[in-house]
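Data first, discussion second: the structure below is written as structure tokens.
Residues: numbered from 1 along the sequence shown. Only this structure's heavy atoms are used, side chains among them; waters, hydrogens and symmetry mates stay out.
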Amino acid sequence: MHDCPFCDIIQNNSEQIIRDYATVFVVLSDPLLVPGHLLIISKKHVEKFSELSAVERDELFTVTTAMQDLILKTVASGCDITQHYRPFMKQSRLKVRHLHIHLRPREFQDELYENVQKFETDMFTDLTPEVFEKCYQIYKS
């Protein structure tokens, strides 16, 4: 894909690649939210899990699991795993339209928590019967 920083890494056999597998590779996130922030990136230029084959999805999750275990053994006592599909956002340095998973080493009340996540508790609301019923019907189908 034209103008994809992740495809550029693959095509240039970049020294950024920490680990290389058949269908995915691992790099340090740049920019990063916390030290040790990793990206597990599909070699196939897609945006959603559903666009991968079963073999590709299996390797993506196997490598994610292995890298999380490595983080927990060597870097931090916790680890956040996230993936974002946001087609409504323009591609930028912070938003790349190429499937990848973030692994962020975490500690209790770390810098990410202090700067951002301690405020998220105010955003949570109780699940109402109306919302439950609406979502239940959608997701049960």
Side-chain angles (χ1 to χ4, degrees), residues 1-128 130-141:
M1 163 131 190
H2 184 62
D3 293 329
C4 176
F6 296 160
C7 288
D8 288 346
I9 291 171
I10 299 165
Q11 292 169 354
N12 297 325
N13 294 316
S14 172
E15 292 181 6
Q16 292 173 266
I17 298 173
I18 296 172
R19 297 199 178 191
D20 196 7
Y21 301 89
T23 65
V24 301
F25 63 99
V26 181
V27 299
L28 285 166
S29 184
D30 184 16
L32 54 83
L33 279 175
V34 296
H37 180 172
L38 295 176
L39 302 178
I40 314 301
I41 305 170
S42 169
K43 287 185 177 180
K44 182 192 281 186
H45 186 90
V46 298
E47 292 189 51
K48 300 182 294 187
F49 290 119
S50 61
E51 297 173 301
L52 295 175
S53 70
V55 169
E56 292 163 332
R57 279 192 308 272
D58 184 52
E59 186 169 65
L60 179 68
F61 287 110
T62 297
V63 171
T64 298
T65 302
M67 296 308 295
Q68 180 188 40
D69 286 345
L70 182 59
I71 286 170
L72 296 175
K73 287 178 188 168
T74 61
V75 180
S77 61
C79 181
D80 288 350
I81 298 176
T82 61
Q83 188 275 327
H84 311 277
Y85 175 65
R86 298 176 180 157
F88 46 84
M89 292 177 69
K90 287 179 61 174
Q91 182 157 299
S92 69
R93 185 163 188 253
L94 297 177
K95 171 35 178 133
V96 178
R97 289 186 170 181
H98 185 130
L99 179 65
H100 59 286
I101 294 177
H102 296 263
L103 280 82
R104 295 183 193 97
R106 299 301 304 274
E107 293 296 344
F108 180 66
Q109 295 183 344
D110 58 16
E111 187 175 348
L112 183 57
Y113 173 82
E114 288 298 323
N115 289 320
V116 179
Q117 292 179 322
K118 70 179 179 181
F119 303 107
E120 76 181 8
T121 56
D122 296 336
M123 295 177 62
F124 283 90
T125 61
D126 292 332
L127 179 62
T128 65
E130 296 81 20
V131 171
F132 173 86
E133 187 59 34
K134 179 181 178 184
C135 292
Y136 181 84
Q137 293 305 320
I138 291 170
Y139 294 129
K140 185 179 176 184
S141 304

Q. Is any NZ, NE, NH1 or NH2 atom of the basic residue among Lys118 and Glu114 found under 4.0 Å from an Asp or Glu carboxylate oxygen of the other?
A. yes

**Q.** Pair Ser42, Glu56: side-chain N/O donor-acceptor within cut-off below 3.5 Å
**A.** no

Q. If every non-hydrogen atom of Phe25 is compared with every non-hydrogen atom of Ile10, which pair is closest and at what distance?
A. CE2-CG1, 3.1 Å

Q | Closest non-hydrogen atom pair between Val27 and Ile18, with its separation | A | C-CD1, 4.0 Å

Q: Give me the one residue out of Leu70, Leu38, Ile40 that meets side chain to side chain contact (heavy atoms under 4.5 Å, CB included) with Arg19.
A: Leu70

Q. Under 3.5 Å, is there a donor-acceptor pair between the side chain of Gln91 and the main chain of Asp3?
A. yes

Q) More than 12 heavy atoms of other residues, nucleotides or ligands under 6.0 Å from CD of Glu15: is that the case? A) no

Q. In Å and rounded to the nearest 0.5 Å, what is the SG to CE distance from Cys79 to Met67?
A. 9.5 Å

Q.
Can you tell me how far apart CD1 (Ile41) and CG (Leu99) are? Round to the nearest 0.5 Å.
A. 9.5 Å

**Q.** Distance-minimising heavy-atom pair for Glu47 and Tyr85
**A.** O-CD1, 3.6 Å

Q) To the nearest 0.5 Å, how far apart are NE2 in His37 and CG in Leu112? A) 9.5 Å

Q. Measuring from Leu28:CG to Gln16:CD, what's the distance to the nearest 0.5 Å?
A. 9.0 Å

Q: Kindly say whether Met89 contributes a backbone atom to a donor-acceptor pair with the side chain of Arg97 at under 3.5 angstrom?
A: yes

Q: Please tell me if the side chains of Asp80 and Leu103 come closer than 4.5 Å, counting only heavy atoms from C-beta onward.
A: no

(Q) Please determine whether a side-chain nitrogen of the Lys or Arg among Asp110 and Arg104 lies less than 4.0 Å from a carboxylate oxygen of the Asp or Glu. (A) no

Q.
Would you say that Ile101 contacts Leu60 through its side chain, given a criterion of any heavy-atom pair below 4.5 Å between the two side chains?
A. yes

Q.
Using modelled atom types and a 3.5 Å cut-off, is there a donor and acceptor pairing between side-chain atoms of Ser14 and backbone atoms of Ile17?
A. no

Q: Could you pull out the closest heavy-atom pair between Phe61 and Phe49, with the gap in Å?
A: CZ-CE2, 3.7 Å

Q | Spacing of Thr23 atom OG1 and Arg57 atom CZ [to the nearest 0.5 Å] | A | 11.0 Å

Q. Going by the angle between their ring planes, with limits at 30° and 60°, are His102 and His84 parallel, tilted or perpendicular?
A. perpendicular

Q.
Aromatic contact between Tyr113 and Phe119, with the criterion being ring centroids under 6.0 Å apart: yes or no?
A. no

Q.
Please check if the number of heavy atoms outside Glu111 that lie under 6.0 Å from its CD is greater than 12.
A. no

Q | Gap separating the NE2 atom of His100 from the CG atom of Leu39, nearest 0.5 angstrom | A | 5.5 Å

(Q) Quick check against the 3.5 Å criterion: does Lys43 have a side-chain atom that pairs as donor or acceptor with the backbone of Asp20? (A) no

Q) Take atom NZ in Lys90; do more than 12 heavy atoms of anything else shown fall under 6.0 Å from it? A) no

Q: For Cys4 and His98, work out which heavy atoms get closest and say how close.
A: SG-ND1, 3.3 Å

**Q.** Verdict with reasoning, Arg106 to Gln117, per side-chain contact (heavy atoms from CB on, under 4.5 Å)
**A.** CA-CA 12 Å; Arg106 299 301 304 274; Gln117 292 179 322; 2.6 Å; yes

Q | Closest contact, heavy atoms only, Ser77 versus Glu107 | A | OG-OE1, 2.6 Å

